[in-house]
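A short write-up of the structure that comes next.
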Amino acid sequence: MTAVYEELGLPAAVNANGKMTALGGSVLSDAVVAAMGEAARSHVVMDRLLEAAGAELARAAGTEDACPTTGAAAGIAISVAALIAGTDPYRVERLPDACGAPDEVVLPKGHAVHFGAPVRQMVALGGGRAVEAGEVNKMRAEHLAGAIGDRTAALLYVQSHHTVQKGMVSLAETVRVGRAHGVPVIVDAAAEEDLRAWPATGADLVVYSGGKAVGGPTSGMICGPSRLIRACRAQYGGIGRPMKVGKETVLGLVHAVREHTARAGAAAEEAERQRLRMAELARRLGELPGLTADVVRDEAGRLIHRAQLTVDPEQAGRDAAGLAAELAGGDPPVFLRDHHATSGRLSVDPRTLGPEDEELLVRRLTSLLHGEPA
Ligand SMILES: *Cc1c(COP(=O)(O)O)cnc(C)c1O
């Protein structure tokens with residue numbers, strides 16, 4: 001299965017980190033790969049494909065319309081551009097020059113995160129100017145409202161484990177502030193699983209990644225009302241051009257969203273199966289010298305249970321970051337989730353880890369922590 005990578009001298013990575021861009025996002029189902037292959041074999045009128053695919057994606061999100069993108073990052077840039085320039089071809093082609101239109105995008109300071117690139121830069125790419133409200137660890141609705149003025153084009157809310165998880169204003173409050181000031185709200189819900197939940201908050205444009213929770217190819221989508229989605233599509237004749245989404249990708253996204261929607265009813269049972277799997281893995285790994293292990297729910301509230309390993313550097317002979325680096329440096333490389341490595345914690349994400357990968361991880365950790373050569 002991995003011959004195409006081996007041909008380039010690369011081993012396939014063992015991914016216990018989650019749906020990470022750095023590890024190629026998601027592994028695609030056979031049906032999604034087949035749809036992409038079939039789409040690649042013929043021509044199609046792209047404008048009509050974007051509309052037809054958008055209509056189906058919108059049904060999954062419960063919105064009037066949707067616009068396929070190359071990813072959530074492009075979704076942010078295109079949403080910002082759409083809210084600044086609308087559908088006017090002159091203004092679309094002048095971006096990132098806003099031609100005097102309101103171009104400020106207000107976001108909580110604690111949401112100005114780096115997801116692999118800075119959110120603020122995606123705003124700039126769409127012709128917007130990011131304005132931070134509140135402080136890193138504390139803000140109130142008044143801070144958000146106070147940052148809104150004549151130049152405000154949008155509010156941006158980032159729903160992610162990357163953001164500061166305390167002292168922030170809820171999305172519901174953000175939507176209320178936006179409504180009160182007549183300012184649309186963009187939600188970056190890149191890695192969220194529930195495609196209907198975020199538009200249902202009353203937010204105007206919701207951006208998802210297709211390559212994360214949805215399990216699709218490297219892609220994304222913007223969901224919202226017809227009027228705004230038309231403006232999003234219009235950006236493909238402007239700043240959206242270097243974010244051009246291909247026909248294969250669009251079909252892969254549509255089929256992945258179909259499968260994701262079909263699975264949604266069983267999401268709770270699947271999460272419970274994963275939780276039990278991680279509990280058993282934690283029990284085994286907790287017996288190794290220098291590790292204590294338990295199961296923790298996702299910090300951003302998603303239905304993901306991960307095995308969390310706390311590394312005692314004295315007993316383990318290296319700290320959490322060191323252990324993660326040794327695993328990543330092995331053959332094949334094994335990647336744990338290391339967001340909290342500086343606090344001594346690593347975790348194992350069940351979604352991307354097959355049963356064989358799990359055994360390999362146990363063997364590798366066992367030999368490292370018992371001081372055997374890898
Ligand atoms: C991953 C991520 C993005 C970017 O999504 P892509 O689909 O990779 O472009 C944007 N925002 C957040 C919070 C993310 O986690």
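Counting starts at 1 for both ligands and their atoms, following the listed order.
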Open item on the list: How far is atom 13 (C) of ligand 1 from the closest protein heavy atom, and which atom is that?
Closed with: Asp188 OD2, 3.4 Å
Between [X] and [Y], does any side-chain N to carboxylate O distance fall below 4.0 Å?
| X | Y | value |
| --- | --- | --- |
| Glu287 | Arg283 | yes |
| Glu326 | Arg318 | yes |
| Arg48 | Glu51 | no |

Task: Any donor-acceptor N or O pair under 3.5 Å, side chains Ser226, Glu64 - done: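 Short answer, yes.
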- [ ] Over 60° means perpendicular and under 30° means parallel, so classify the ring planes of His111 and Tyr157, tilted if in between.
- [x]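 Ring orientation of Tyr157 relative to His111: perpendicular.
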- [ ] Under 4.0 Å, heavy atoms only, figure out whether ligand 1 is touched by the backbone of Ser160, its side chain, both or neither.
- [x]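 It is the side chain that touches ligand 1; the backbone stays farther off.
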- [ ] Measure the CD-CG distance between Gln308 and Leu346 for me, rounded to the nearest 0.5 Å.
- [x] 9.0 Å
Check each atom of ligand 1 against the heavy atoms of [X] and keep those under 4.0 Å away; list them by number with element.
| X | value |
| --- | --- |
| Ser209 | 6 (P), 7 (O) |
| Lys212 | 1 (C), 2 (C), 3 (C), 4 (C), 5 (O), 14 (C), 15 (O) |
| Thr21 | 8 (O) |
| Ala73 | 4 (C), 5 (O), 6 (P), 9 (O) |
| Gly71 | 7 (O), 9 (O) |

- [ ] Decide whether an N or O pair under 3.5 Å exists between Ala72 and ligand 1.
- [x] yes
